[in-house]
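Owing to the predicted nature of the structure, the values given are computational and were not obtained by experimental measurement.
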Amino acid sequence: QVQLVESGGGLVQPEGSLRLSCAASGRIYSIGTMGWYRQAPGKQRELVATITSLGTTNYADSGKGRFTISRDNAKNTMYLQMNSLKPEDTAVYYCNARIRRYNYVPENDYWGQGTQVTVSS
């Protein structure tokens with residue numbers, strides 16, 4: 001089995017910061033692209049940022065200049081540093097990873113359970 005576990009969410013005031021973590025565990029041969037997605041109430045899940053195994057990053061316009069995605073391949077962990085948070089960043093944030101469990105098998109998509117981020121005064 002493979003698990004993705006997010007942590008670091010919570011309540012923060014506007015202009016505050018949070019750092020989310022996503023740790024992958026279980027039978028893992030390799031991890032490809034990882035990403036953060038979010039879903040606000042009544043809205044569809046949307047991309048926040050992605051990072052490849054070599055560190056190439058991609059950001060949605062909503063987070064450019066405020067969010068930084070990173071990963072520690074040795075720890076199978078991904079991070080999202082969020083600064084200058086706005087009320088519209090309020091959502092459940094989900095971790096996604098493309099994981100190959102064994103050599104010579106395709107990657108599969110895995111999702112975490114989500115962590116709530118609430119930006120409010």
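A donor-acceptor pair is defined here as one N or O able to donate and one able to accept, closer than 3.5 Å; no such pair exists between the side chain of T90 and the backbone of E88. The main-chain N or O of Q81 is never found under 3.5 Å from a side-chain atom of R19 such that the two would form a donor-acceptor pair.
Counting heavy atoms from C-beta outward, L18 and V117 have side chains that approach closer than 4.5 Å. A 4.5 Å side-chain heavy-atom check between N76 and I31 finds at least one atom pair inside the cut-off. In this structure the side chain of R101 never reaches within 4.5 angstrom of the side chain of N108, judged on heavy atoms. You'll find the side chain of I28 stays beyond 4.5 Å of the side chain of R100, heavy atoms only. Residues E6 and L20 are not in side-chain contact: their nearest non-hydrogen atoms beyond the backbone lie 4.5 Å or more apart. Side chains of V92 and T115 form no contact here, defined as non-hydrogen atoms less than 4.5 Å apart. Looking at V119 and Q13, their side chains never come closer than 4.5 Å, going by heavy atoms from C-beta outward. The side-chain heavy atoms of S120 and L11, taken from C-beta on, include a pair separated by under 4.5 Å.
Atom CZ in F67 sits 5.5 Å away from atom CE in M82 (nearest 0.5 Å). Taking OG from S70 and CG from L80, the interatomic distance works out to 8.0 Å, rounded to the nearest 0.5 Å. Rounding to the nearest 0.5 Å places SG of C22 at 8.5 Å from CG of N96.
Here K43 pairs with nothing under the salt bridge (Lys or Arg N to Asp or Glu O under 4.0 Å) rule; sequence neighbours left out.
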(request) With side-chain contact (heavy atoms from CB on, under 4.5 Å) as the test, would you mind laying out the steps for Y29 and V105 before giving the verdict? (result) CA-CA 10 Å; Y29 176 78; V105 300; over 6 Å; no
(request) Run the numbers on D109 and R98 for side-chain contact (heavy atoms from CB on, under 4.5 Å), then give the verdict. (result) CA-CA 5 Å; D109 252 347; R98 299 280 296 174; 2.9 Å; yes
(request) Quick one: do D89 and K86 satisfy salt bridge (Lys or Arg N to Asp or Glu O under 4.0 Å)? Show the steps, please. (result) CA-CA 5 Å; D89 294 317; K86 306 174 182 180; over 6 Å; no
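Atom CD of Q44 has 12 or fewer heavy atoms from other residues, nucleotides or ligands within 6.0 Å. The local environment of CD in Q116 is crowded, with over 12 non-hydrogen atoms from other residues, nucleotides or ligands closer than 6.0 Å.
Considering every non-hydrogen atom in both I69 and I51, the closest pair reads CD1-CG2, 3.7 Å. Across every non-hydrogen atom of L4 and A24, the tightest pair is CD2-CB, 3.4 Å. A pairwise comparison of heavy atoms in W36 and S21 identifies CH2-O, 3.5 Å as the closest pair. Here the shortest heavy-atom pairing between C95 and M78 reads SG-CE, 3.6 Å.
Side-chain rings of W111 and Y37 approach one another, their centers coming within less than 6.0 Å.
Cluster annotation: L47 and Y110 are assigned to distinct hydrophobic clusters (Ile/Leu/Val/Met/Phe/Trp/Tyr, side-chain heavy-atom contacts under 4.5 Å, transitive). Both M34 and I99 sit in one connected hydrophobic cluster of ILVMFWY residues. Membership requires side-chain heavy atoms under 4.5 Å apart, directly or through other members.
Side-chain atoms of N83 and S17 include a donor-acceptor pair closer than 3.5 Å. Counted by atom type alone, Y93 and R38 present one or more donor-acceptor pairs between their side chains at under 3.5 Å.
Within the cation-pi definition used here (under 6.0 Å to the ring centroid, within 45° of the axis), R71 does not qualify as a partner of Y79.
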